[in-house]
Chemist: 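Got a structure for you, written out below as structure tokens; questions coming shortly.
Only this structure's heavy atoms are used, side chains among them; waters, hydrogens and symmetry mates stay out. Letters go in sequence order (proteins before strands), and every chain restarts at 1.
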Amino acid sequence: MLVTRTLYQSPTDKALSWLFVMPVIIILLITAFIPLGWGLYLSFFRYKLNMPSATAFIGLKNYLDIFSDELTIRSLRNNVIFAMLSVSIELLIGVTVAMMLSDDNRFTRRLVSILMVPMIIAPVAAGTLWRMMLDRTYGVVNFLLGFLGIHPILWLGDPKIALYSIVLVDSWQFIPFVAVLVLSSIKAMPTSFLDAARVDGASPWKVFWRIILPITSPVIIIVAMLRFIDAFKVFDTIFVMTQGGPGNATEMLPTYIYRQGIKFLNIGYSSATAILFVIAMSVIAWSFQRLRDRQLLRLG
Amino acid sequence: MGSPHASSRRSRDLQLSNFLGRPARIVVVVVLLAVILFPLYWLVSNSFKQEQEYYHSPPIMFPTKITGQNFVDIVVNRNLFTGLKNSLLIAVFTTLCTVLFGSLASYALVNGMLPRRMKHIFAWWFLIQKMYPAIVVAVPVFYIIRSLQMMDRVAALVLMNTSFNLPLVILLMVGFFQEAPFEVEEQSMLDGCNLMQRYFYVTTPMVKAGLIATGMLTFVASWNEFLYAVILTIVRAKPLTVLIAGFITDKALVWGPMAAMGCVVILPVVVIMWAMQRDFISGISAGALKG
Amino acid sequence: MKTRKIITVLLVLLLVVAGAAIGQKKFAGRSIRVLYFSATYADAAKEYAKEFEATTGAKVEVVDFPYLTLYEKMGLALSSGDSSYDAVTPACQWDGEFEPFMEDLTPMIQKDKFDSADIIPGLWQQSGKWNNRIMGIPFSNTPQTLAYRTDLIKQMPKNWDDFFALCDKLNDPAKNFYALAIPGLKEQFDGLWMMVDWSIGGRWADQNWKVTIDSPETRRSLDIAKKWMKYADPAAPAWGLPESDAAFLNGNAAIAFSWPTLSIAPNGDNPEKSKVVGKWAIGLIPYEKNGVTVLSSWDIGIPKAAKNKDVAWEWIKMYTSKEKQLNNFLKYSILPSRISVWQLPQVKSNKLYPHWQASQQGAVIWWRIPAGTMAETYVRDSVSNYITDQWDQDKAVKYMEDGFNKLLTDYPPAKGVMNTGR
């Protein structure tokens with residue numbers, strides 16, 4: 001951990017320390033702390049920005065309404081399904097890809113640089129691109145699937161499929177993210193483990209399953225946590241591809257909060273949803289951290 | 001058995017990448033390349049297609065006549081240069097502010113004389129900031145920006161993007177500063193340098209790699225930002241991400257110009273990333289591993 | 001001697017100043033920003049901006065957004081007292097909500113003797129007048145109609161049963177030809193459903209705001225809407241107006257449910273954009289009982305927080321003037337709001353003239369009270385979920401009913417305001 005810097009420092013240093021930290025504190029105050037606090041305060045009111053006359057203090061009613069609101073439950077359900085599916089797919093394929101690119105030669109290095117492209121593309125741009133490709137009649141995906149004898153699929157208009165289309169696009173963008181991180185972790189592994197395995201003549205699969213996977217598990221857990229949390233922040237892709245439709249099949253929590261807060265200016269209600277959201281996410285993140293710490297302990 | 005040559009020959013035998021078998025590896029790599037490269041090809045080819053060809057069923061794989069008309073269209077009709085200018089301003093200034101303020105703050109946290117509690121407050125804050133989607137504070141922020149008379153200004157987006165990226169930058173820079181050897185610091189302290197002099201002349205050069213990595217991450221993130229760009233801009237400060245979303249209108253499906261805009265949105269970031277891959281990778285790795 | 005010199009100098013100075021003032025354009029150096037819906041209306045505005053600057057010296061910046069985001073952009077700006085816009089164009093269904101933030105135009109109308117009598121009276125009542133104030137002047141009056149192929153259909157049926165019989169005859173999926181081109185995206189589709197519901201006599205609530213959505217008419221209209229999808233391209237549920245209009249213009253559909261003035265009319269007879277040149281016409285929807293269709297009307301007004309109200313008023317007068325409305329019609333297919341323009345020979349002989357008949361027959365908008373937009377969302381979600389088989393009919397109807405009741409309790413209409421819509 002942090003080395004204790006007990007050397008005496010001048011009073012100027014103390015003042016300068018505060019000076020250094022000031023800009024960050026001011027920025028965070030204006031753009032994060034105050035809005036959050038204000039949001040918390042507003043969540044106890046019925047407050048619709050364009051109908052100020054209807055403002056009223058209603059205590060916890062917003063929070064109670066959330067649980068009885070059909071659409072909030074639906075958004076939550078969609079979001080959870082989306083998160084679990086995309087994280088699983090991304091982990092599975094991401095780890096596989098990382099393993100397959102773990103050799104260090106020119107070819108794999110080139111592959112990695114190509115691999116990184118999807119994850120740095122703006123989600124808005126990726127969403128627009130995929131919307132073009134997934135169109136039932138004019139899209140190229142159905143065209144190519146036709147050669148395999150598959151009937152045209154209504155990717156974005158069929159409520160049973162739309163959610164999976166979003167999972168598809170999200171995975172396309174972020175499998176590279178998982179792969180790159182796991183790959184770094186594999187490369188950072190001390191070679192002593194691998195050497196021992198080589199001497200024993202173990203097969204690649206055994207090495208992977210018994211050695212590499214356990215050792216990289218802390219990183220994998222963290223990556224899973226990051227992707228899981230990000231899955232609940234998805235907005236750009238949905239905004240551009242389906243707007244939450246068809247029906248409410250792809251409505252997620254962020255798009256729902258946007259709808260309530262920005263579209264309807266129903267600030268009280270959307271703030272309440274947001275606060276609950278933050279609390280839920282904190283609990284999830286804390287659980288992931290606990291899991292990783294325990295794994296680290298186990299590895300010694 | 002024990003000679004370096006023998007073991008290196010053996011290490012060549014143990015190909016980890018064949019952990020699912022050789023054929024599987026070939027299949028995966030080929031599919032991976034196809035799945036990543038094809039959409040990009042599609043984007044680029046559509047941006048050069050003529051109208052009859054980009055909106056055609058069945059879709060045309062290889063355009064027969066290419067045209068630069070789509071790019072001309074987005075410059076003339078869709079304010080491409082304004083969008084480009086705004087995206088650039090936002091990304092550059094956000095990166096400068098975030099890296100500057102973030103590294104200053106991290107340095108003060110590690111080597112300065114701040115109460116221990118500050119570190120805990122920041123750590124706690126970073127965790128919370130990761131948790132909530134930006135939409136949660138959108139309306140209060142709108143109000144604040146409006147009362148600061150900053151609506152439709154690039155400055156407003158620089159402010160917001162800086163705020164989003166600060167937590168990660170500080171987290172990473174704290175790590176880098178902690179790794180920097182303390183002896184050099186001690187020496188300069190004994191020589192009478194104050195905090196500011198130490199920051200600028202001594203320690204920062206040592207963590208250059210960290211600054212570059214965090215700078216790149218911030219640049220990409222702020223270039224790609226969409227939600228607040230949509231909420232806080234009206235006309236003048238619209239960056240490229242808002243322009244491309246604006247194609248989804250009731251008027252017409254103009255995929256050619258849409259693809260052209262997509263190319264412009266993607267290209268700069270790809271170029272930067274390719275030029276500085278290693279720093280980029282080290283940045284996100286550090287971010288994940290230290291999270 | 002000296003006094004005469006001074007007087008001459010002063011006189012000359014006075015003349016020079018007067019000359020400069022007269023030669024100056026009225027609003028030189030001023031600039032305004034106007035907010036429009038991204039379609040033909042904004043295009044017309046952009047054309048007039050240059051002319052306006054040449055005559056008055058004021059620069060005009062035309063800002064436009066697609067329908068989907070226009071409401072929130074306008075709403076956020078107005079309700080937060082933003083002075084970014086000097087003139088805005090609310091859709092008539094947003095009138096009740098935005099009225100508190102808009103200027104009353106009555107004094108300006110009276111002062112400049114604006115010829116209010118020329119505006120279709122029923123239209124103004126539904127679009128621009130609210131709460132005994134004039135918050136906007138309506139400049140377009142579009143009842144929802146449909147477009148149909150004249151080479152395949154002699155006469156549009158007058159009721160829904162005949163309509164479906166016609167669809168049966170025309171539908172030919174094997175040849176990639178469908179009877180109907182429909183935008184299935186929820187923000188467009190709900191309007192289509194409303195059109196049917198009202199045309200057979202249904203209502204969301206009665207005049208006194210008692211919710212009447214749970215009715216046989218509602219259920220029948222839901223059935224009709226669902227049946228449409230059988231005669232449409234399987235991709236239609238994901239289509240917006242551009243896609244469905246394109247399907248009609250490409251010759252793949254016999255009837256297009258749409259707002260024909262947006263794309264079909266401007267492009268229908270243009271051989272570069274349409275394969276059905278000369279083979280289409282505007283038709284009225286099959287009215288049954290009450291024979292009303294949905295009204296889309298936009299009015300233009302001035303936000304209270306605007307900084308250049310005088311210039312904005314000049315712009316409004318210009319944009320809604322007789323000459324401009326004629327130009328709007330001929331060049332941009334924007335239907336006029338002035339009776340005198342409708343009576344001009346160029347308009348009467350135009351393909352779009354059936355819209356006059358439709359609006360005479362009756363066109364209404366849904367609730368114009370502040371809770372109206374939220375009410376519409378209940379309809380959007382419910383109808384869309386029903387059409388895509390995610391909800392059954394009872395659930396869909398109950399969802400709308402519960403939603404309406406909650407809205408009317410939480411955000412009751414002001415005293416004395418009746419439900420003049422449906």
Side-chain angles (χ1 to χ4, degrees), chain A residues 3 7 9 12-14 16-17 20-21 23-24 27-28 31-32 35-36 38-39 97 99-100 102-103 113-114 116-118 120-122 124-125 128-129 132-133 137-138 140 143 180-181 184 198 204-205 208 219 222-223 229 233 235-236 240 254 257-258 261-262 267 274 277-278 281-282 285, chain B residues 10-11 14-19 25 28-29 32 36 39 42-43 55 57-59 101 104-105 108 112-114 130-133 135-141 160 162-163 166 182 186 189 194-196 220 224 226-227 241 244-245 255 258 262 265-266 269-270 273-274 277 281 285 288-289 291:
Chain A
V3 171
L7 211 61
Q9 299 188 35
T12 3
D13 275 356
K14 188 147 192 218
L16 282 175
S17 303
F20 279 13
V21 155
V24 170
I27 292 180
L28 288 184
T31 59
L36 260 188
W38 194 6
V97 168
M99 279 300 295
M100 301 219 166
S102 57
D103 303 336
S113 50
I114 295 179
M116 295 224 284
V117 174
I120 56 164
I121 294 181
V124 191
T128 313
L129 171 61
M132 283 197 278
M133 298 204 298
T137 320
Y138 301 94
V140 71
F143 177 65
V180 165
L181 287 179
S184 311
R198 278 183 203 119
W205 171 258
F208 166 71
V219 172
I222 289 298
V223 171
I229 291 178
K233 295 193 203 169
F235 180 85
D236 303 6
V240 160
I257 295 179
Y258 177 87
I262 303 283
I267 305 186
F277 196 138
V278 174
M281 285 290 105
S282 312
Chain B
R10 274 258 176 76
S11 70
L14 179 68
Q15 260 208 305
L16 287 176
S17 51
N18 284 333
F19 82 115
R25 174 162 188 249
V28 167
V29 169
L32 187 73
I36 292 179
W42 190 247
L43 186 71
Y55 203 60
S57 170
F101 295 148
L104 279 173
M113 288 186 67
L114 294 172
K130 260 194 218 168
M131 296 313 130
Y132 65 81
I135 186 67
V136 159
V137 290
V139 179
V141 164
M160 291 315 297
T162 305
S163 151
L166 271 177
F182 188 55
E186 275 183 303
M189 267 200 273
N194 66 25
L195 203 75
M196 184 158 319
V220 170
N224 290 344
F226 174 65
L227 179 62
T241 45
I244 197 175
W255 285 359
M258 209 192 293
V265 174
I266 293 175
V269 176
V270 169
M273 188 221 60
W274 270 12
Q277 286 174 53
I281 295 183
S285 311
L289 299 177

Chemist: Tell me, side chain or backbone of Ile229(A) under 4.5 Å from chain B's heavy atoms, or both, or neither?
Modeler: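 Contact with chain B: side chain only.
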Chemist: Is chain A contacted by the side chain of Leu43(B), its backbone, both, or neither, given a heavy-atom distance below 4.5 Å?
Modeler: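 Its backbone and side chain both get close to chain A.
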Chemist: Sort Tyr258(A) into side chain, backbone, both or neither according to what part of it lies under 4.5 angstrom from a heavy atom of chain B.
Modeler: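 Both backbone and side chain.
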Chemist: Contact part of Ile267(A) toward chain B, heavy-atom cut-off under 4.5 Å: side chain, backbone, both or neither?
Modeler: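 Just its side chain gets close to chain B.
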Chemist: Is it the side chain or the backbone of Ile266(B) that comes within 4.5 Å of chain A heavy atoms, both, or neither?
Modeler: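 Contact with chain A is through the side chain of Ile266(B) alone.
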Chemist: Please list, chain by chain and in numerical order, all residues satisfying side chain to side chain donor-acceptor pair (under 3.5 Å) with Thr241(B), sequence neighbours excluded.
Modeler: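 Partners of Thr241(B) by the side chain to side chain donor-acceptor pair (under 3.5 Å) criterion come out as none, since no residue qualifies.
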Chemist: Find the one option among Val278(A), Ile120(A), Leu28(A) whose heavy-atom pairs under 4.5 Å with chain B are most numerous.
Modeler: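 Greatest number of close heavy-atom pairs with chain B: Ile120(A).
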Chemist: Tell me, for Val270(B) versus chain A, whether the close heavy atoms (under 4.5 Å) come from the side chain, the backbone, both or neither.
Modeler: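 Both the backbone and the side chain of Val270(B) come within 4.5 Å of chain A.
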Chemist: Between CG of Leu227(B) and NZ of Lys233(A), what distance do you get to the nearest 0.5 Å?
Modeler: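 Result: 12.0 Å between the selected atoms.
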Chemist: With respect to chain B, which residue among Ile121(A), Val240(A), Val117(A) yields the maximal number of heavy-atom pairs within a distance under 4.5 Å?
Modeler: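 Of the options given, most contacts go to Ile121(A).
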Chemist: Please report the shortest heavy-atom distance between Met258(B) and Ile244(B), naming the atom on each side.
Modeler: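 Scanning both residues, the minimum pair turns out to be O-CD1, 4.2 Å.
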Chemist: Specify the closest pair of heavy atoms between Ala108(B) and Ser17(A), including all atoms of both residues, with the distance to one decimal.
Modeler: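 For Ala108(B) versus Ser17(A), the nearest heavy atoms are CB-O, 3.6 Å.
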Chemist: Name the member of Thr162(B), Val269(B), Val141(B), Val265(B) that forms the most heavy-atom pairs with chain A at distances under 4.5 Å.
Modeler: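 It is Val269(B).
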Chemist: Under 4.5 Å, counting heavy-atom pairs only, tell me which of Met132(A), Met116(A), Met281(A) racks up the most with chain B.
Modeler: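 Looking at each of Met132(A), Met116(A), Met281(A) in turn, Met132(A) comes out on top.
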Chemist: Got Val220(B) and Met273(B) here, is their nearest side-chain heavy-atom distance under 4.5 Å?
Modeler: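 Side-chain contact under 4.5 Å: no.
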Chemist: Restricting to side chain to side chain donor-acceptor pair (under 3.5 Å), what partner residues turn up for Ser163(B), sequence neighbours left out?
Modeler: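 With sequence neighbours excluded, Ser163(B) shows a side chain to side chain donor-acceptor pair (under 3.5 Å) to Thr31(A), given in chain and number order.
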Chemist: Can you see which heavy atom on Trp274(B) is nearest to which on Ser113(A), and at what distance?
Modeler: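 So the two residues come closest at NE1-O, 3.2 Å.
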Chemist: As an exercise: rank Asp236(A), Val140(A), Ile27(A) by heavy-atom pairs under 4.5 Å with chain B and give me the winner.
Modeler: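 Most heavy-atom pairs within the cutoff with chain B belong to Val140(A).
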Chemist: Can you tell which part of Ile257(A) gets under 4.5 Å to a heavy atom of chain B, answering side chain, backbone, both or neither?
Modeler: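 For Ile257(A), the contact with chain B is made by backbone and side chain together.
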Chemist: With side-chain contact (heavy atoms from CB on, under 4.5 Å) as the criterion, how do Val137(B) and Trp38(A) come out once you've worked through the C-alpha distance, each side chain's angles and the decisive distance to 0.1 Å?
Modeler: CA-CA 9 Å; Val137(B) 290; Trp38(A) 194 6; over 6 Å; no
